[in-house]
A.B. asks: 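Take a look at this one; I'll ask things after.
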Amino acid sequence: MKKAMPIGVDNFEKLIANDYYYVDKTMLIKELLDLKGEVNLFTRPRRFGKTLNLSMLRYFFEDTGNDEKNAQNRELFQGLRIMSAGKEYVSQMGRYPVINLTLKSAKQSTFESAYYKIKEEIAAEFGRHHALCQGCFLTDKEKERYIRIEDGTAENDDYSGSLKFLSKCLYKATGEKVILLLDEYDVPLENAYFCGFYEEMTDFVRSLFESVLKTNDFLKFAVITGCLRISKESIFTGLNHLNIISVLDKRYSEHFGFTESEVRQAMAYYEAQDRFPDMKKWYDGYTFGDTEVYNPWSVIKFLYDLDASIHAFPRPYWINTSSNEIIKDMVGRADREMRGQLELLLDGKTLDMPVHEEITYADMYENGENLWNFLYFTGYLTKTEEYFKESAIYLKVRIPNIEVKTIYQNTILNWFRENIKKQDFRDLYQAMENKDAGKMRDILNEQLMSTISFYDSAENFYHGFLAGILSQSERYLVKSNRESGNGRSDLMIRSPSLRGKAFIIEVKVSKGINHLEEDAEAAAQQIQDKGYIAELQTEGYRDIICYGIAFYQKDCEVLAL
């Protein structure tokens, strides 16, 4: 019986105790202890194992105050790599009080609701340590403050300083300095930006972090995770000891995401090795430091599907888990230069950009450089090369894999559908009815200039482009890829009344601008040669017009038959 895949399981104890398949990332512990960073900020894309890694750190380091529970936690690590790393590392197990806080649930539409959710998380962490801290170690005043924070009746100032206060309480109770684990610190900021209360949330998060991370004598070390390094707006004011580990850093590079050897090992375990080429094309492509990395969430989801059927199709699993609002906003705001850059990326090419690590949500749309940086650090782009030029670090970036390309393409198509709903295409329909191929060509060319194209799946793109525009008419029904005669016509447009007009459109994609006319003619001839008109004639339509349309990038040619 094979181990179950840990889909959505980000609690280390649950994963190990229930014998889920686990890709061993425990050597993160060794590297943290070796490098001795006091405040470590790891920036990685969403769903790259940050929460599970923090949970693993908690169960390794935490002294729960209960010997039996500490022994159970120790048992979780038996057989894992850290246990053979050396006595100096194993001796750190179960030694420290741990504050473990996540901000990933602060996604509400108002500041009050998001602030309440953060207070709830803080209160729950106070509750988790209640028994330990409510002994004889605290003064009556400290106990009262502790209870106020735990039951949600404290003042705002109490919450902004709550994590430092909890670390003090835990130090007094145990005699050991505290390890702070803070997960997805930037989620409240991202949400606040899109919901319109960014400044308020920034002020609160800044005060929360300043109190616990700056001049806190009770802190052993801290590990913070998020997508972005956000410090320009002084989230981490004056933290000279802040160690930022981004996707550019060579240290810690293999601990978030799966390496190729880890993916191959998992596929061998689930007897799915034959599907490795699909796994690589769809979910590989990230480079953290100098390490090649796969998207772990998507690898797990694809393996889960392959275990049910070895012929399962790959899918864009990440699309529903990461924040795709950025892509939607970018597509909606794109000017001609940015549309051209997007088309370059969608065609498999690279884009050069200077690195700006301190990107803020407020700065995102100031210029194209900021936006490309944002997309890079959040996982929508990956580097192929890094170089130094004019006192700045530059990257050549590309879209990592098919999965991420699909996210771009789907977002662009959705934007296109929404955009054309706002337009009036009566001139196009009239030109079709009048067999005015020149007018049709001009209108379609104008639309092509304003949209974002992707040419690697060009025939599908142009087919969707035409179908989307023609579907706006309330007078006609549009059917695509219908079986008719001896083959398959690309588009069939008909009036609900048999006395009305009907149209057949065949699409070709040309190899160059000079082939447009001959390819449009070939498309029209195909309609005739393969008898695409037969179905409409059988139904009773008499007024049938056929068009061959050839496309090359932003140009097209239309021929009426």
Side-chain angles (χ1 to χ4, degrees), residues 409-455 457-509 519-520 522-551 554-561:
Q409 290 177 339
N410 288 341
T411 305
I412 289 165
L413 289 174
N414 289 335
W415 164 79
F416 174 69
R417 293 187 192 107
E418 291 301 313
N419 194 44
I420 62 175
K421 286 178 184 178
K422 305 170 187 175
Q423 299 187 49
D424 186 347
F425 288 103
R426 279 179 292 187
D427 287 351
L428 177 62
Y429 307 133
Q430 187 175 30
M432 285 178 61
E433 292 164 351
N434 295 337
K435 293 186 73 170
D436 189 344
K439 181 71 170 175
M440 287 178 63
R441 177 197 61 208
D442 293 343
I443 294 171
L444 293 175
N445 279 340
E446 184 179 344
Q447 286 297 314
L448 284 168
M449 290 301 294
S450 63
T451 192
I452 300 166
S453 310
F454 36 94
Y455 308 119
S457 53
E459 193 142 344
N460 286 336
F461 168 75
Y462 292 120
H463 183 91
F465 168 80
L466 274 177
I469 289 176
L470 296 173
S471 296
Q472 298 310 300
S473 173
E474 296 180 357
R475 295 174 53 196
Y476 293 102
L477 303 172
V478 178
K479 299 289 183 184
S480 61
N481 290 331
R482 287 288 305 274
E483 291 296 336
S484 176
N486 297 318
R488 181 184 290 262
S489 62
D490 280 319
L491 289 167
M492 190 176 289
I493 303 102
R494 68 186 83 190
S495 165
S497 169
L498 294 174
R499 292 192 180 94
K501 293 182 183 293
F503 308 90
I504 292 175
I505 295 177
E506 184 66 21
V507 175
K508 295 286 185 187
V509 178
D519 288 338
Q525 190 63 42
Q526 182 175 321
I527 296 173
Q528 190 172 51
D529 293 346
K530 295 200 173 183
Y532 291 160
I533 201 171
E535 180 181 340
L536 291 173
Q537 288 176 330
T538 300
E539 291 181 19
Y541 286 96
R542 296 180 183 179
D543 193 354
I544 304 170
I545 304 174
C546 302
Y547 289 100
I549 305 181
F551 291 93
K554 297 288 188 179
D555 289 284
C556 75
E557 188 59 60
V558 182
L559 181 69
L561 188 66

A.B. asks: Are any non-hydrogen side-chain atoms of T451 and F461 less than 4.5 angstrom apart?
C.D. replies: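 Yes - at least one pair of side-chain heavy atoms lies under 4.5 Å apart.
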
A.B. asks: Could you measure the distance from the CD1 atom of I420 to the OG atom of S471? Nearest 0.5 Å is fine.
C.D. replies: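 That separation rounds to 7.0 Å.
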
A.B. asks: Please confirm whether the backbone N or O of K508 pairs with a side-chain atom of D519, one donor and one acceptor, at under 3.5 Å?
C.D. replies: no

A.B. asks: Charged N to carboxylate O under 4.0 angstrom, E535 versus R494?
C.D. replies: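 So E535 pairs with R494 through a salt bridge.
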
A.B. asks: Any idea which heavy atoms bring I527 and C546 closest together, and the distance?
C.D. replies: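 Residues I527 and C546, closest heavy atoms: CG2-SG, 3.7 Å.
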
A.B. asks: For the side chain of N419 and the backbone of W415, is there at least one donor-acceptor N/O pair under 3.5 Å apart?
C.D. replies: no

A.B. asks: Quick one: sort the Y462 and F551 rings into parallel, tilted or perpendicular, breaks at 30° and 60°.
C.D. replies: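 Judged by the thresholds at 30° and 60°, the geometry between Y462 and F551 is parallel.
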
A.B. asks: For the residue pair I469 and F425, establish whether any side-chain heavy-atom pair is separated by less than 4.5 Å.
C.D. replies: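 The answer is yes, as the side chains (C-beta and beyond) meet within the 4.5 Å cut-off.
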
A.B. asks: What distance separates E506 CD from I549 CD1, expressed to the nearest 0.5 Å?
C.D. replies: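 Taking CD in E506 and CD1 in I549, the distance rounds to 10.0 Å.
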
A.B. asks: R475: which residues meet the side chain to side chain donor-acceptor pair (under 3.5 Å) condition with it, sequence neighbours left out?
C.D. replies: E433

A.B. asks: Looking at K554, I'd like to know if its NZ atom is crowded, meaning that more than 12 non-hydrogen atoms belonging to other residues, nucleotides or ligands lie closer than 6.0 Å.
C.D. replies: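 More than 12 within 6.0 Å, yes.
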
A.B. asks: Under the ring pair (Phe, Tyr, Trp, His ring centres under 6.0 Å) test, which residues partner Y429, sequence neighbours left out?
C.D. replies: none

A.B. asks: Under a 4.5 Å cut-off applied to non-hydrogen side-chain atoms, are Q537 and I544 in contact?
C.D. replies: yes

A.B. asks: Take L536 and M492 through the test side-chain contact (heavy atoms from CB on, under 4.5 Å) and record every step on the way to the result.
C.D. replies: CA-CA 9 Å; L536 291 173; M492 190 176 289; 3.7 Å; yes

A.B. asks: Output the distance between atom CD1 (I493) and atom CE (M432), rounded to the nearest 0.5 Å.
C.D. replies: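 It comes to 4.5 Å.
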
A.B. asks: Under a 4.5 Å cut-off applied to non-hydrogen side-chain atoms, are R417 and N414 in contact?
C.D. replies: yes

A.B. asks: To the nearest 0.5 Å, what is the distance between CG (D436) and CD (Q430)?
C.D. replies: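 Spacing of CG (D436) from CD (Q430) equals 9.0 Å.
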
A.B. asks: For the CZ atom of R499 and the CZ atom of R542, what is their distance to the nearest 0.5 Å?
C.D. replies: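 Atom-to-atom, R499:CZ and R542:CZ are 9.0 Å apart.
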
A.B. asks: Between Y541 and K501, is any pair of side-chain heavy atoms under 4.5 Å apart?
C.D. replies: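 Not in contact.
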
A.B. asks: Work out which heavy atom in A560 is nearest to a heavy atom in A437; give both atom names and the distance.
C.D. replies: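 Result for this residue pair: N-CB, 4.2 Å.
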
A.B. asks: Let me have the donor-acceptor pairs involving side chains of residues 441-448, under 3.5 Å, with sequence neighbours excluded, atom names and distances please.
C.D. replies:
from, atom 1, to, atom 2, distance (Å)
N445, OD1, C556, N, 2.8
N445, ND2, R441, O, 3.4
Q447, NE2, Q423, OE1, 2.8

A.B. asks: On a heavy-atom basis, which atom in Y547 and which in F503 lie closest, and how many Å separate them?
C.D. replies: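 In terms of heavy atoms, the two residues are closest at CE1-CD2, 4.0 Å.
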
A.B. asks: Indicate the atoms forming the closest heavy-atom contact of A550 with A520, along with that distance.
C.D. replies: CB-N, 3.5 Å

A.B. asks: With heavy-atom distances below 4.5 Å as the criterion, would you say the side chains of Y532 and I505 are in contact?
C.D. replies: no

A.B. asks: What distance do I504 atom CD1 and I545 atom CD1 have between them, rounded to the nearest 0.5 Å?
C.D. replies: 11.0 Å

A.B. asks: Is there side-chain contact between L428 and Q472, with at least one heavy-atom pair below 4.5 Å?
C.D. replies: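 L428 does not reach Q472 side chain to side chain.
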
A.B. asks: For the residue pair A523 and G548, what are the closest heavy atoms and their distance?
C.D. replies: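 That closest heavy-atom pairing would be CB-CA, 3.7 Å.
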
